[in-house]
Structures are given as structure tokens and as C-alpha cells.
Peer 1: 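Sharing a structure, written as C-alpha cells. Questions coming.
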Amino acid sequence: MSEVQAVRHPIVPRHNLDFGLDGDIPRFWFDNDPFKSRFFDAMSTLFPEGEKFFIACVRDFRDQITDPELKQQVADFTRQEGQHGMVHTRFNNRLQAQGIRVDQILERQRALMFGYFRKYCSAQFTLAQTAAAEHMTAIMAHGFFEDPQLQKADPRVRAMYAWHAVEEIEHKAVAFDVMQKVARVGYGLRVLAMLQVSLSFPLHVFLIMRRMFKVDGFSFTQRLGLWAKGFWWLYKPGGLYAPVIGHYLAYFKPGFHPWQHGQMQANNRWLETFERTGDAIAAGNAMYPLA
Ligand SMILES: [Fe+2]
Ligand SMILES: [Fe+2]
């Protein structure tokens, strides 16, 4: 990942995009591979409640923001995250129809985020959790653009993730700036929250995938095979996570800022195509010129 300062784009909330999510999208929409598909599906189930949590934790400090630019960024961040939640809910309804108890996942997540974290932890800590989670989504968004494997994904689901990725990058510094400039969260708390999110986010994703594989009807031995192959896909040298490790670790540098990192070429291809055509699927396809 580039250490060069990325060019910051304005935060543009986009509404009513058509991803064709009502179409006959295959169950294993990513490379006909259960692990890859369910990995992204599990994240999708976490987004709607997660994004409500992020909005609430940033808005805790809204009245203390004096910088009009940051105030506007918080408003645009809120609108973008609100839209993400709505579109992922539409996608998650597909998963519910497949027999996955998305309703139970949401209920448990609500209990953890709103019934526990927001009830018992300080607003500084939950904002630091939000900034950490936003860093995780931003590095995945940057990595997503650069991964040619996505050529093998269904263009409709990929378009949804491409749009989400573009907007995650546009607002990637908002929670961080509120945390640093307004809430004045110290380095220790920032790092502590990142360590907690780094453990709990993948753990939740894997627990949800575990339930999904059972609903999909895979036997115990088949599931073992899926996990072995899937973990290799994620963690092998040159795997999905390898290109973003440096970007992830940069968060632990005391002088880190989100706009110090990340390539924007593919992001610009998406923006250029979307502005020209207004077509979210064409814009998603433009990220992968060989597709
Ligand atoms: Fe989002
Ligand atoms: Fe976000």
C-alpha cells in the first residue's frame, strides 16, 4: 500500500442506486466459492447495525464540533452510512430467504453494541471503536479495488460492494478526525480500541460463516475443508490480507492519519464511470477492466 498521501475526495452521499439485487443472484456469487461468498455475506449481515452504532458514536460529539467543515463531513458521513445500512438490509433479506437467521444475528449484535458497549463504556471508547472499525473498512475498501479476484464475482453484488467501498474511502477520516480533534482520545485508548476491534470483528465474521455453512448443508468434513482452504486464501503469502497488512499496522503509528495511505486509481475509475453513466453496475465493472 502506498505511503504517498492519497488525494482526498469530497464526501458525496448517493441515493437510490440500482444494483439489481432483486435478480437471480447465485447463492455462491463469488467465484462459485462458498467460503469467499459467505465471508462477504457475513460482513454484510454486520453492516446495518454496525453502521447505526458508528453514526451514534460520532454523533455523541456532534454538539462539540466547532469546525463547520468537520460538521458538514459528519452530516455527509451519517447520510452515507444510513444508505449503506439500507442497501445491505435489502441484500441481507436475500440471505434470510436462504434460511440464514439474519434477524437473530442483528438482535445479538444490537445487544452487544447498544446494550453493552454504549451502555457501559465511555463515549470516548466507543468513538475509538468506531474510528478503528472505519480504518478496517477503509483498508478493505482499498484492498477490494486492487484485487483482480473480484473479476470472478457476480457484477451486481460486486457493484454494491464497490459503491460501499468508494464511500467508505470518501469518509474514512471523519470518525478519526472527531476522535482526535474533538473528543481528544489519547493514543492508548485509540490502540486499545483497535486491538479489541481487530479481534472481535473477524471473530464475529467467522462465527456467522460457521452458521451459514450449516444452513448451506455442508457436512462436518466438507466444512473442515472449506475452513482450511478459506483460511489459506485469506492468510497465505499473497492472500487477500497480505497487501493490506502495512496499511492496517500504520494505525499504530502515533502520527497516523487516514489520508496518508491508500491508492486511488481504481476509485477514480469508479467515480469517472458513475458520473458519466449514472450506472452503479457499470461503475463496479470499471474497477476491473479485464472483466
Ligand atoms: Fe458503510
Ligand atoms: Fe464507514
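Just so you know, these numbers come straight off a predicted model, no measurement behind them. Atoms within a ligand are numbered from 1 in the order they appear, just like the ligands themselves.
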Peer 1: Does the gap between the ring centers of His164 and His88 come in under 6.0 Å?
Peer 2: yes

Peer 1: Applying side chain to side chain donor-acceptor pair (under 3.5 Å) between Thr137 and each of Lys172, Glu168, His84, Glu167, report the one that passes.
Peer 2: Glu168

Peer 1: Of the non-hydrogen atoms in Arg38 and Leu95, which two are nearest, and what is the gap between them?
Peer 2: NH1-CD2, 3.5 Å

Peer 1: Assess the residue pair Phe213 and Phe35 against the criterion (side-chain contact (heavy atoms from CB on, under 4.5 Å)); give the C-alpha distance rounded to whole Å, side-chain angles, the decisive distance to 0.1 Å, and a yes or no.
Peer 2: CA-CA 9 Å; Phe213 290 151; Phe35 190 96; 4.0 Å; yes

Peer 1: Verify whether one side chain among Gln149 and Trp233 offers a donor that lies under 3.5 Å from an acceptor in the other.
Peer 2: yes

Peer 1: Near the Fe ion (ligand 2), meaning under 2.8 Å, how many protein N/O/S atoms are there?
Peer 2: 6

Peer 1: Any side-chain donor paired with an acceptor under 3.5 Å for Gln73 and His171?
Peer 2: no

